[in-house]
Amino acid sequence: MLNFEWNDFYQLTEVRLDEQYIIVMNDHGMQRKMNRKTYYLSAEDVYNKARTLIGKQVQLRISKDIRNSTTGEWFTEISDYH
């Protein structure tokens, strides 16, 4: 079972798509990536949702399995701030 947590990501300013990743950026100059191949079942929905959230305060869901990665660069889902 995967464990997830939601983290504030401030205001979403940009969403990009390349062959491997969905890349989101915020107003604090931070960026996070989602691997399109790993999350192929949800990647398109996450990308489309992220585009509707540009300019809004958002939260990113991260897996506790990757939370402690040295880069801190990954996310698995996006949501507007509740």
Side-chain angles (χ1 to χ4, degrees):
M1 181 174 113
L2 292 177
N3 293 313
F4 296 99
E5 68 179 29
W6 289 92
N7 292 323
D8 294 340
F9 192 61
Y10 308 106
Q11 184 177 342
L12 184 65
T13 58
E14 188 176 345
V15 179
R16 291 188 311 204
L17 187 66
D18 67 21
E19 288 190 28
Q20 292 184 331
Y21 306 111
I22 297 166
I23 303 163
V24 295
M25 286 144 279
N26 70 14
D27 61 335
H28 285 72
M30 299 163 46
Q31 80 171 23
R32 300 289 182 265
K33 295 189 276 188
M34 177 181 185
N35 189 305
R36 294 175 64 191
K37 292 180 182 180
T38 301
Y39 295 97
Y40 67 93
L41 292 174
S42 62
E44 185 176 344
D45 289 339
V46 170
Y47 173 71
N48 290 331
K49 184 193 308 184
R51 288 177 47 89
T52 69
L53 296 173
I54 293 173
K56 297 182 180 178
Q57 300 290 318
V58 298
Q59 293 183 319
L60 299 181
R61 185 178 74 179
I62 62 166
S63 166
K64 289 186 179 181
D65 297 333
I66 61 175
R67 176 185 54 188
N68 294 323
S69 72
T70 56
T71 59
E73 64 183 338
W74 304 104
F75 77 101
T76 60
E77 178 63 276
I78 190 167
S79 178
D80 58 337
Y81 186 78
H82 301 130

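Partners of Thr13 by side-chain contact (heavy atoms from CB on, under 4.5 Å), not counting sequence neighbours, listed by chain and number: Met25, Asp27. A search for ring pair (Phe, Tyr, Trp, His ring centres under 6.0 Å) contacts involving Tyr47 returns nothing, not counting sequence neighbours. The side chain to side chain donor-acceptor pair (under 3.5 Å) check on Asp18 picks up nothing, with sequence neighbours excluded. Every residue was checked against the side chain to side chain donor-acceptor pair (under 3.5 Å) condition with Arg16, not counting sequence neighbours, and none meets it.
Here Arg32 contributes atom CZ and Asn26 contributes atom CG; the two are 7.5 Å apart, rounded to the nearest 0.5 Å. Here the CD1-CD distance, from Ile54 to Gln11, works out to 10.5 Å after rounding to the nearest 0.5 Å. In this structure, Ile62 CD1 and Asn7 CG are separated by 4.5 Å, a value rounded to the nearest 0.5 Å. Rounding to the nearest 0.5 Å places OH of Tyr10 at 10.0 Å from OH of Tyr81. Atom CD1 of Ile22 is separated from atom CG of Asn48 by 8.5 Å, given to the nearest 0.5 angstrom. Atom CZ of Arg36 sits about 11.5 Å away from atom OH of Tyr21, to the nearest 0.5 Å.
Proximity of Val24 to Val58: side-chain heavy atoms (C-beta onward) are nowhere separated by under 4.5 Å.
Closest approach of Tyr39 and Met34 over heavy atoms only: CB-CE, 3.2 Å.
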Show, in sequence, the C-alpha distance, side-chain angles and deciding distance for Phe9 and Ile78, and conclude whether the side chain to side chain contact (heavy atoms under 4.5 Å, CB included) test is met. CA-CA 9 Å; Phe9 192 61; Ile78 190 167; 5.9 Å; no
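Judged by distance alone, the side chain of Thr76 and the main-chain N or O of Arg61 form a donor-acceptor pair under 3.5 Å.
Clustering of Ile, Leu, Val, Met, Phe, Trp and Tyr side chains at separations under 4.5 Å leaves Trp6 isolated, with no partner residue.
The salt bridge (Lys or Arg N to Asp or Glu O under 4.0 Å) contacts involving residues 43-55 comprise Lys49-Glu77, where partners must be two or more places apart or lie in separate chains.
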